[in-house]
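To start, the structure under review is shown below, and the notes come after it.
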There are 2 protein chains.
Amino acid sequence: MPLPFDVLAEPSRRKILDLLLERPRLVGELTEQLGLSQPGTSKHLRVLREAGLVRVRQEAQRRWYELRPEPLAELDAWLAHYRHLWSGSLDALERHLDATEDDPR
Amino acid sequence: MPLPFDVLAEPSRRKILDLLLERPRLVGELTEQLGLSQPGTSKHLRVLREAGLVRVRQEAQRRWYELRPEPLAELDAWLAHYRHLWSGSLDALERHLDATEDDPR
DNA sequence: TCGATGCATTCCCTTGCGGTTATATAACTC
DNA sequence: GAGTTATATAACCGCAAGGGAATGCATCGA
């Protein structure tokens, strides 16, 4: 799974993630919040789905979209290479945690 | 300063950051590593500069580019909203650290 | 069975971005 | 001062991505 920077570069898609952070939502709900056309929303949702950032649960004609955080965790891992540049005093602790936690893969 | 997702969406620009993570570099050096034309490299560097991700130090005709991590720290802050979704057992510790560290702003 | 609902897909248009070549600018060297 | 080196800017091109309107498809309710 490649890093989802390009997917997250789109403000509407970040807003979708913010909305899904609260709770799963229907496409119509998201469309209303975004101020986009329904097809526009569906297209963004497809991109998010293919990037693994959301998953769908179908219920009759309705589709509940919910968050899938795994790609964000990968983003976090990418950021980790740079974190020592600003994290300052927590640095030593973080390195210790990184070194001692179980390998997640 | 807006979140630099769109800036980081470009693979060559991420590679520049990776290279600058090791040490400051000249434009020519970066051009060679990237396999781009020199103007192409300069355009990416301009984008990175305007996003605050790099800074330049001029030395005669040469320009040393170096990393500026502040926008990455903002990205990290954005990610923090989602981190509880995957961080699992470290969660409580992280919340404790977030709550007790000095406010950086 | 038929209209309505909820969403996805298609088509089209426009804009922006990354790439290159050519050119400008500035400082060093001789 | 002339040529050279290092980088930036300008001009141009092609393509992909985001946006909307129209349409397709499935499921529900009556």
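Throughout, a chain's letter reflects where its sequence line sits, starting with A, and its residues are numbered from 1. Computed from a prediction, not measured in an experiment: that's the story for all the values here. Just so you know, these numbers use all the heavy atoms, side chains as well, and skip hydrogens, waters and symmetry mates.
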Report the nucleotide, chosen from [options], that has the shortest atom-to-atom distance to any side-chain atom of [X].
X     : options               : answer
A/R62 : C/dC7, C/dG19, C/dT9  : C/dC7
A/S42 : C/dT9, D/dG18, C/dT20 : C/dT9
A/L45 : D/dG20, C/dA8, C/dG18 : C/dA8
B/S37 : D/dT9, C/dT10, C/dT20 : C/dT20
A/V27 : D/dA6, C/dG18, C/dC7  : C/dC7

side-chain N/O [X] vs [N] OP1/OP2, d < 4.0 Å:
X     : N      : result
B/Y65 : D/dA8  : yes
B/H44 : C/dC17 : no
A/R46 : C/dA8  : no

| task | Quick one: pull up CG in A/L45 and CG in A/L20 and give me the separation to the nearest 0.5 Å. | result |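 Interatomic distance, A/L45 CG to A/L20 CG, rounded to 0.5 Å: 7.5 Å.
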
Euclidean distance, atom [atom1] of residue [X] to atom [atom2] of [N] [Å, nearest integer]:
X     : N      : atom1 : atom2 : answer
A/Q58 : D/dA26 : CD    : P     : 11 Å
B/I16 : C/dG18 : CD1   : P     : 11 Å
B/R63 : C/dA26 : CZ    : P     : 10 Å
A/L36 : D/dG19 : CG    : P     : 5 Å
B/E10 : D/dA16 : CD    : C1'   : 13 Å
B/E59 : C/dA27 : CD    : P     : 14 Å
B/L8  : C/dC17 : CG    : C1'   : 16 Å
B/R13 : C/dG19 : CZ    : C1'   : 12 Å

| said: Closest-nucleotide mapping onto DNA chain C: is B/K43 or B/P39 further toward the 5' terminus? I mean the 5' end. | reply: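 Closest to the 5' end, via its nearest nucleotide, is B/K43.
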
| request: Verify the ring-centre separation between A/W86 and A/Y82: is it less than 6.0 angstrom? | output: no

| message | Any N or O donor-acceptor pair under 3.5 Å from the base of C/dA8 to the side chain of A/Q38? | response |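 By the distance-only test, yes, there is a pair.
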
| message | In this structure, would A/L34 and A/V54 fall into the same cluster of hydrophobic residues linked by side-chain contacts under 4.5 Å? | response |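 Per the 4.5 Å side-chain linkage, A/L34 and A/V54 are co-clustered.
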
| A/W78 with A/V7, same ILVMFWY side-chain cluster at under 4.5 Å | yes

| query | Heavy atoms under 4.0 Å, any strand shown: does B/G40 hit a base, just sugar-phosphate, or nothing? | reply | base

| request: Output yes when A/D18 and A/R13 qualify as a salt bridge under the 4.0 Å nitrogen-oxygen rule, no when they do not. | output: no

